[in-house]
Amino acid sequence: MRKPTAGTALALGALVGVLLTAPLAALFYLGWKVARLPFVPFDIFEWASRLLPGAVVTRGIEAMVAAIRMLGLGSTDVAAKYAEQAMAVTGLLLTGALAGAVIFAFRRNRGNRGSRAGVILGAAAGMLSFLISRDLDASGSPLLEVVWVIILWVIWGAVLDRSYRRLSVESETVPPVLRAQRPESAAPEATPDSVERIDRRRFLIRLGGTAAAITVSGAAVGMLIGPRRMRPAPASRRWSANHALPNAAAAVHPAPGTRPEFTPLEDHYRIDITLLPPVINEESWRLQVRGLVDRPTDLTLADLRDNFRPMHQFVTLACISNEVGGDLTSTTRWTGVSLRRLLPHLGLRPEATHLKISSADGFFEIVPLETINSDERVMLAYAWDGVPLPNKHGFPLRIYIPDRYGMKQPKWITTIEAIDHWEEGYWVLRGWDREARMEATSVIDTVALDHVTATADGRPLVPIGGIAHAGARGISKVEVRIDDGEWREAMLRSPLSETTWVLWRYDWPFEAGAHRFTVRCTDGNGRPQETEPSPPHPDGATGLHSVRAGR
C-alpha cells in the first residue's frame, strides 16, 4: 500500500482519533463509577471553564439558557447539565480527532523516525490529564490515579501508532528480500507483504467495531453499577410526608395549575460549577475552621447536629441566572445550625471581619461577620425537608444567607477561614454582582381556562395564579393587568415563611378572545418591582412577566 497523500493522512488520522477516543472516554467513565478515578473529559472541561474570562463564561451561560427555553428542552438546570456534559465529551472527541490528524501527518513526513509519536503524545496527554484532575480534586490516591490515566492514554497512543502502520505500510517496512523468499504456495495471510495489502476499509470497519463494543460496554457497565452518590432518603421519611404545611389553612387557594408551593426534593433546581457533584463520605468529612482563630478546629457533622439547637426555615432559593419567568427557583424546608450561634465556639480573633467559605468543588464565597451577626437565619444547613441534604444539593453542608441569590451560597462546604478583609468570591471574580441581592419578581404560572367558576350573577370567572418573591423582604402586593387595561390587585396566600415566595390568585371576569396577561408585585418594604427589562448578568433579571391565553 502506498503512503497516503497529505489530505488522506489527515482525514484518516482524524477518523482513527475519534474511533479511539470514544472507548477511551467510556473507560474513564467506568473507572470513575467503579473506583472514583478521574473522569477526564469532565475534569478538562471544568478546568478549562475556570480559566476562561468571566465575560466568556457569562455569554455561554446566557446563550445556553436562552437556547434551552427557546427549544423547550425541559427543566433549565437538568438540560444545562446535560448540555455541559455533552460539550465535555464532544470536546474530548474533537481533541482526539485533531491529535490523530497531527500524528498521521507527522508520521507521513517522518516515516519510521516518528514510529512512537502516538505513545509519546499519549504519555504527555496522560500526565496533563492527571495534573488537571488533581488540581480539581486531590482526595483520591495519586499513585492509582496517575497509573490509570497514563496507562489508558498510552494505550490510546500505541493503538494510534499501530493504526497508522496498518493503514500506511511504507515500502521500506517490508524488506525486498522477504518478498523474494515468499513461497508461491504460501497463504496470503502468512506472508509479510500481505500485511502491506490490508484493505483500509476492512481495517477501519474492524477498528470501528472494536471501538464501538468497548464504548458501549464501558458505558453500559458504568450505568448498571449505578450512580456514585448517597442514596436519597425515602419520601416517607421526609418532613413534608408527615406534616401539614404551616399555611395549610390559608383562606386563599392556589389557582389550578400553579406550581407546587413546596418543591419536592427531586424537582429542586440545581446550578453549580461542577459537572459531577462531589461525593463526600460523612465519616471522613470534617469542617475545617482555619485562619484568624485561636486554634484550628475540625467539626464533624455529628458535632453540628448534636451540640447545637437546630433551626428550621422554609426558604425560596433562586439562581441569579434565572430569566424573568424562568424555572431556576424552588422552595423547601432547611434545617441547620445558626451561624451566629456557632461563632462563639470558633474562637475567632478580634481582627477577623469575614469568613471565607470554600467547597469541595472549588467554589468559594466571602461572608461578612456583620451579615452573620445581624441575622440569626444565616445557617449552616445539613438537611432539607427533614432528611440529610441530597448529594447533588450539597451534602454534607451548605450555607443559607437570606435575601441573596444562590451564587453567594456555597454547598459541599469543607473549610471556613476567618480573614480580616473582603475578597471577591468565585462569581464576583467573573463579573457578577458583589451583593447579589434578590430582585423582586412575579410570575404567571397559569390562566386556568378549564377551571371556570361563576359569580353570584352567573358571570364566568377564570382563575389566574402564580408566584411572587423578593428574598427576605416579602411581598405586600401583586397586581394583574389584562391587555392594556387597569392593574387589578390579586389575592395573596399566606406564605410558608417570611423567606419564601407568595402564591397569588386573581379571578378574572372572563372575556372572549385572546388576551395578554401581565403581573407585577411590590415587596414588603413597599418598593415596586423593577419594570425595566434587563438580563440576569450582573445582578439578576428584571422586567415584567406576561403570557398570552384565551379563545
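For the pair Arg434 and Trp427, the cation-pi test (distance below 6.0 Å, angle within 45°) is failed.
Centroid-to-centroid, the aromatic rings of His354 and His421 stay 6.0 Å apart or farther. Between Phe39 and Phe28, a ring centre-to-centre spacing not shorter than 6.0 Å is recorded.
The backbone N or O of Arg437 lies less than 3.5 Å from no partner atom in the side chain of Asp403, so there is not a single donor-acceptor pair. Side-chain atoms of His545 never come within 3.5 Å of backbone atoms of Ser442 as a donor-acceptor pair (strictly under, hydrogens ignored). In this structure a side-chain-to-backbone donor-acceptor pair under 3.5 Å is missing from Lys411 to Gly394. Without hydrogens or angle criteria, Asp385 side chain to Arg333 main chain gives no donor-acceptor distance under 3.5 Å. Remark: the backbone N or O of Arg50 is paired with a side-chain donor or acceptor of Arg430 at under 3.5 angstrom. Using a distance-only test at 3.5 Å, with no hydrogens or angles considered, a donor-acceptor pair links the side chain of Asp77 to the main chain of Arg270. Panel note: side chain His537, backbone Gly431; a donor-acceptor pair is recorded below 3.5 Å.
The salt bridge (charged side-chain N to carboxylate O under 4.0 Å, His left out) pairs that include a residue from residues 80-97 are Lys81-Glu84, Lys81-Asp272, where partners are two or more places apart or lie in different chains. Among residue pairs with one or both ends in residues 129-139, those qualifying as side chain to side chain donor-acceptor pair (under 3.5 Å) are Asp43-Ser133, Ser129-Trp153, Arg134-Glu145, Asp137-Ser139; sequence neighbours excluded.
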Begin with the C-alpha distance, continue with both residues' side-chain angles, and end with the deciding distance and a verdict on side chain to side chain contact (heavy atoms under 4.5 Å, CB included) for Ile467 and Asp445. CA-CA 7 Å; Ile467 59 99; Asp445 286 337; 4.0 Å; yes
Tell me, with the steps shown, if Ser358 and Thr415 meet side-chain hydrogen bond (donor to acceptor under 3.5 Å, both in side chains). CA-CA 5 Å; Ser358 302; Thr415 305; 5.5 Å; no
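Here the straight-line distance linking atom OH of Tyr269 with atom CG of Asp327 works out to 10.5 Å at 0.5 Å rounding.
A donor atom on one side chain and an acceptor atom on the other are not found under 3.5 Å apart for Thr414 and Gln288.
Using a 4.5 Å cut-off on side-chain heavy atoms (C-beta onward), Ile413 and Phe364 make no contact.
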